[in-house]
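Contents: one structure, followed by commentary.
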Number of protein chains: 2
Amino acid sequence: MFSQTAEYAMRAIVWLAEHRDNEKMFGHREISRGTKVPESYLPKILNSLVKADLVISKRGAGGGFRLSRDPVAISLLQVMNAVDPLQRIHSCPLKLKAHKSQLCPVHAKLDATLAEVEKTLANSTIQEVLYQPNFPHPLRE
Amino acid sequence: MFSQTAEYAMRAIVWLAEHRDNEKMFGHREISRGTKVPESYLPKILNSLVKADLVISKRGAGGGFRLSRDPVAISLLQVMNAVDPLQRIHSCPLKLKAHKSQLCPVHAKLDATLAEVEKTLANSTIQEVLYQPNFPHPLRE
DNA sequence: TCTATAATGGATAAAGTTGTCCTTTATTGC
DNA sequence: GCAATAAAGGACAACTTTATCCATTATAGA
């Protein structure tokens, strides 16, 4: 349902949120170790997050990655959409003309389900999922 | 989010529901024309639906496919699960021991979202999406 | 029993996703 | 400027999903 890449992106953002410290940058190797995201694949994912403006990168010595803003201002939906945009059903997949202005009940129901998911993810912040009483800490053994 | 195969399966089930007529069987070519599912791929999908016991097939002359039961007794979730099972997050994707008995808030939230989807699809029947006032008919131009 | 019909199952191809590696570009400190 | 460092970007490999095709199996009717 959610792609592997989306799962990886969530872990990377959460790791960066947990290690956030002013403007300190973290290399992709260190992030990979902390998230178990394949070291060679992680840079692609971080780059998508940079392009979505959720993460800031800096090249060269002392460079690396950091969150662009407070975890309270990043939603799970923004993370998803950065790497694997949630595709709503905007138009009839069969391209039927009669369904152009309005989806049939089948696709309307499927899209309503997607809308629910979108809303749930939009209303959850990274801050919220960092720690909750009686839950184990993300990424921590 | 929902796979192409799941979309095709929905169309095929809906088509069979709309054409249901006692024990009449329909060939995959006719169903393909009515659903725009690729003719060579549709038999695979119908076969999955047969294995899930939502559809009954019969070989040979006069054979084909038909629904195994009333559309009111088939949920969208059953159709999904027949071809592309909705994967809940049952255990920590990082295999962290500390998350064995309980998911961390990140995965708990993602799984809660999947649970929502599961519930919504489980509570929608094929009968419900066949026709609704002020909606265009499924599959019909 | 023979022929026509239609699903089943397996092999294969095409496309998309995930993962690896290497070169290029940018940045820092000497 | 030079060397070391680290992200960006592109080529490519492995795997999965989607799609095609063909041989096999089952059924009906003559």
Side-chain angles (χ1 to χ4, degrees), chain A residues 1-12 15-16 23-68 80-87 93-94, chain B residues 1-12 15-16 23-68 80-87 93-94:
Chain A
M1 196 84 182
F2 301 124
S3 73
Q4 187 64 24
T5 302
E7 158 74 21
Y8 289 161
M10 290 288 172
R11 287 191 215 165
W15 191 95
L16 286 170
E23 315 222 317
K24 189 170 176 206
M25 300 299 235
F26 302 91
H28 78 274
R29 272 167 242 274
E30 183 177 5
I31 303 170
S32 168
R33 278 193 300 276
T35 55
K36 296 192 181 168
V37 176
E39 194 175 295
S40 63
Y41 190 43
L42 182 56
K44 305 278 189 208
I45 293 165
L46 288 166
N47 194 243
S48 296
L49 296 170
V50 168
K51 283 177 174 145
D53 201 37
L54 301 176
V55 165
I56 288 173
S57 66
K58 204 174 134 197
R59 295 190 187 184
F65 301 90
R66 67 175 175 85
L67 286 196
S68 69
M80 281 282 171
N81 279 341
V83 294
D84 190 12
L86 193 150
Q87 304 271 29
L94 288 95
Chain B
M1 196 82 183
F2 301 126
S3 73
Q4 187 64 24
T5 302
E7 158 74 22
Y8 289 162
M10 290 287 173
R11 288 191 215 165
W15 192 95
L16 286 171
E23 314 223 317
K24 188 168 175 210
M25 300 298 234
F26 303 90
H28 80 274
R29 271 166 242 274
E30 184 177 5
I31 303 171
S32 167
R33 279 192 300 276
T35 55
K36 296 192 182 169
V37 176
E39 195 176 293
S40 65
Y41 190 45
L42 182 57
K44 304 278 188 209
I45 292 165
L46 288 166
N47 194 244
S48 296
L49 296 170
V50 168
K51 284 178 175 142
D53 201 37
L54 301 177
V55 164
I56 287 173
S57 66
K58 203 174 135 196
R59 294 190 186 185
F65 301 90
R66 67 176 175 86
L67 285 195
S68 68
M80 281 281 171
N81 279 341
V83 294
D84 189 13
L86 192 149
Q87 305 270 28
L94 289 94

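In what follows, every chain begins at residue 1, and chains take the letters A, B, ... in the order their sequences are listed.
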Pair B:Ser3-B:Asp84, side-chain hydrogen bond (donor to acceptor under 3.5 Å, both in side chains): steps then yes or no | CA-CA 7 Å; B:Ser3 73; B:Asp84 189 13; 2.6 Å; yes
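Between the side chains of B:Thr5 and B:Tyr41, at least one donor-acceptor pair of N or O atoms lies under 3.5 Å.
For B:Lys44, the listed nucleotide lying nearest its side chain is C:dG10; candidates were D:dA19, C:dG10, C:dG19. With C:dT18, D:dT18, D:dA7 as the candidates, the nucleotide lying closest to the side chain of B:Tyr41 is D:dT18. The side chain of A:Lys58 sits closest to C:dT27 out of C:dA7, C:dT27, C:dA11. For B:Ala61, taking side-chain heavy atoms from C-beta onward, the closest of the listed nucleotides C:dT20, D:dT27, D:dA7 is D:dT27. Considering only side-chain atoms of A:Ser3, the nucleotide from D:dT18, C:dA11, C:dT18 that sits closest is C:dT18. Comparing C:dT20, C:dA7, C:dG9 by their nearest atom to the side chain of B:Arg59 picks out C:dA7. Comparing D:dA7, C:dG19, D:dT18 by their closest approach to the side chain of A:Phe65 singles out D:dA7.
Looking at which nucleotide of DNA chain D each of B:Gly62 and B:Asp84 is closest to, the 5′-most match is held by B:Asp84. Residues A:Ser40 and B:Val50 both approach DNA chain C. Their nearest nucleotides, taken by heavy-atom distance, put B:Val50 toward the 5′ side.
In this entry the distance linking CZ of B:Arg29 with P of D:dC21 reads 12 Å, nearest Å. One can place CD of B:Glu7 at 18 Å from P of D:dT17, the figure rounded to the nearest angstrom. When the C1' atom of D:dA6 is taken as reference, atom CZ of A:Arg66 falls 16 Å away, rounded to whole Å. In this structure, CE of A:Met25 is placed 13 Å from C1' of C:dT28, rounded to the nearest angstrom. In this structure, B:Leu42 atom CG and C:dT8 atom P are separated by 11 Å, rounded to whole Å. Counting to the nearest Å, the P atom of C:dA7 and the CD atom of B:Glu39 are 10 Å from each other. If you take CG of B:Leu46 and P of C:dT8, they are 8 Å apart, rounded to a whole angstrom. The CZ-P distance, from A:Arg11 to C:dT18, rounds to 13 Å in whole Å.
Side-chain atoms of B:Met25 and B:Ile56, non-hydrogen and from C-beta on, do get closer than 4.5 Å to each other.
Contact annotation: A:Ser57 side-chain N/O to D:dA7 OP1/OP2 distance is not under 4.0 Å. The side chain of B:Lys51 contributes an N or O atom lying less than 4.0 Å from OP1 or OP2 of C:dG9. Within the 4.0 Å cut-off from OP1 or OP2 of D:dT18, at least one side-chain nitrogen or oxygen of B:Thr5 is found. Considering only side-chain N and O atoms, A:Asn47 lies nowhere under 4.0 angstrom from the phosphate OP1 or OP2 of D:dA7. Taking side-chain N and O atoms only, A:His28 has a distance below 4.0 Å to OP1 or OP2 of D:dA7.
Distance check: B:Ser57 OG to B:His28 NE2 gives 13.0 Å after rounding to the nearest 0.5 Å. The CZ atom of A:Arg29 sits 9.0 Å away from the CZ atom of A:Arg33 when rounded to the nearest 0.5 Å. Rounding to the nearest 0.5 Å places OG of B:Ser48 at 12.0 Å from CG of B:Asn81.
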